[in-house]
Amino acid sequence: MGISSGTGGPAAAVPSSAPLDLFSLSEPTNYTAPSVVVLPAGRGKGMEVSATFVRKNRGISMEMTIANKSMMPMSGFAIQFNKNSFGLTPGAPLNVNPIPAGSSANASLPIVTTGPVMKMEPLLKVQMAMKTNIDVFYFECTVPAYVLFVEDGCMERNVFPTSWRDIPEDKEKTFTLSPTNRSQEQVRSV
């Protein structure tokens with residue numbers, strides 16, 4: 001398995017003479033997990049939905065391909081998320097034009113984290129309902145954890161103490177470290 005450059009092709013080779021800095025995370029990787037079928041045509045009365053989640057424009061987006069494998073056109077698309085662990089919910093209505101029989105359409109749905117929260121098992125599971133002119137269909141997706149992280153990885157200085165205080169007492173651990181007489185070189189060699 002190779003590393004993807006995020007453009008669909010393999011990552012550019014790094015010349016062997018170039019130093020490899022594993023901790024330089026200044027450039028986002030733009031990784032996109034492969035799309036998976038979340039609603040097979042057999043359960044969707046001919047509608048098949050494939051989806052993946054991505055980071056786009058500093059936010060979360062659900063990229064979908066909706067295939068109409070039925071004998072009639074599909075229209076009137078809408079989507080709703082159940083309560084989930086991270087409050088993920090559509091940030092805009094699902095915008096899909098009618099899909100003729102035997103055709104498919106791509107849709108990009110912005111996702112926000114302002115929805116109702118309820119811990120799910122597994123933690124990253126999101127249950128959804130998609131409505132069409134045919135029926136309402138229920139399915140679930142597992143959201144990859146990386147889409148929940150912001151690009152810069154930073155937390156505002158005044159937010160950190162508040163977040164730290166919100167950690168329940170039973171989740172905190174305290175350790176006392178005894179002083180060591182090691183030099184920086186000795187610590188680095190460990």
Side-chain angles (χ1 to χ4, degrees), residues 1-13 27-153:
M1 176 183 280
I3 298 174
S4 172
S5 63
T7 58
E27 293 185 33
T29 60
N30 295 326
Y31 172 76
T32 300
S35 188
V36 296
V37 175
V38 294
L39 180 65
R43 279 194 18 237
K45 295 185 181 176
M47 178 175 68
E48 180 178 276
V49 179
S50 300
T52 188
F53 291 84
V54 299
R55 294 280 314 166
K56 188 189 325 185
N57 300 324
R58 301 188 64 79
I60 304 168
S61 182
M62 182 178 179
E63 303 295 317
M64 291 178 278
T65 300
I66 303 169
N68 182 354
K69 297 183 177 184
S70 74
M71 303 302 275
M72 58 184 359
M74 291 186 176
S75 61
F77 294 91
I79 194 165
Q80 183 175 324
F81 291 16
N82 274 357
K83 293 178 184 178
N84 56 78
S85 301
F86 297 95
L88 300 175
T89 192
L94 181 58
N95 186 12
V96 179
N97 291 326
I99 305 173
S103 296
S104 63
N106 293 322
S108 182
L109 181 68
I111 306 294
V112 294
T113 57
T114 57
V117 175
M118 181 176 85
K119 185 178 178 191
M120 299 295 292
E121 286 295 331
L123 193 63
L124 297 169
K125 179 171 76 172
V126 179
Q127 298 171 331
M128 303 171 191
M130 185 178 286
K131 180 181 88 66
T132 69
N133 62 316
I134 308 293
D135 206 346
V136 176
F137 304 98
Y138 301 92
F139 56 94
E140 60 186 43
C141 296
T142 300
V143 178
Y146 69 88
V147 301
L148 301 171
F149 301 119
V150 295
E151 287 77 5
D152 64 8

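Note that these values count all heavy atoms, side chains included, but never hydrogens, waters or copies made by symmetry.
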Fill in: side chain to side chain contact (heavy atoms under 4.5 Å, CB included) between Met47 and Thr132, worked out
CA-CA 9 Å; Met47 178 175 68; Thr132 69; 3.7 Å; yes
Does a sphere of radius 6.0 Å around [atom1] in [X] hold more than 12 heavy atoms from other residues, nucleotides or ligands, not counting ones at 6.0 Å or beyond?
X      : atom1 : result
Asp135 : CG    : yes
Tyr146 : OH    : yes
Glu63  : CD    : yes

Check [X] against [Y] and note the closest heavy-atom contact, atom names and distance.
X      : Y     : result
Lys45  : Ser70 : O-CB, 3.7 Å
Phe77  : Asn97 : CE1-O, 3.9 Å
Ala51  : Val38 : CB-CG2, 4.3 Å
Leu109 : Ile79 : CD2-CG2, 3.6 Å
Ala101 : Met72 : CB-N, 3.9 Å
Ser50  : Val37 : OG-CG2, 3.5 Å

Item to complete: Let me see the working for Val96 and Met64 under side chain to side chain contact (heavy atoms under 4.5 Å, CB included), right down to the final yes or no.
Response: CA-CA 10 Å; Val96 179; Met64 291 178 278; over 6 Å; no
Quick one: does [X]'s side chain get under 4.5 Å of [Y]'s, heavy atoms only?
X      : Y      : answer
Leu148 : Leu88  : yes
Phe81  : Ile111 : yes
Asn84  : Lys125 : no
Pro98  : Pro73  : no
Val112 : Thr89  : yes

Item to complete: Check step by step if side chain to side chain contact (heavy atoms under 4.5 Å, CB included) holds for Arg55 and Phe149.
Response: CA-CA 9 Å; Arg55 294 280 314 166; Phe149 301 119; over 6 Å; no
Short side-chain to backbone donor-acceptor contact, [X] and [Y], under 3.5 Å:
X     : Y      : answer
Ser61 : Val54  : no
Arg43 : Tyr138 : yes
Ser85 : Met120 : yes

Worksheet item: Is there a donor-acceptor contact under 3.5 Å linking the side chains of Thr65 and Ser104?
Response: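 No, no side-chain donor-acceptor contact under 3.5 Å.
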Discussion item. Side chain to side chain contact (heavy atoms under 4.5 Å, CB included) for Ile60 and Thr113? Distances and angles first, verdict last.
Written reply: CA-CA 9 Å; Ile60 304 168; Thr113 57; 4.2 Å; yes
Discussion item. How long is the straight-line distance from CD of Gln80 back to CG of Asn82, given to the nearest 0.5 Å?
Written reply: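 If I round to the nearest 0.5 Å, the distance is 7.0 Å.
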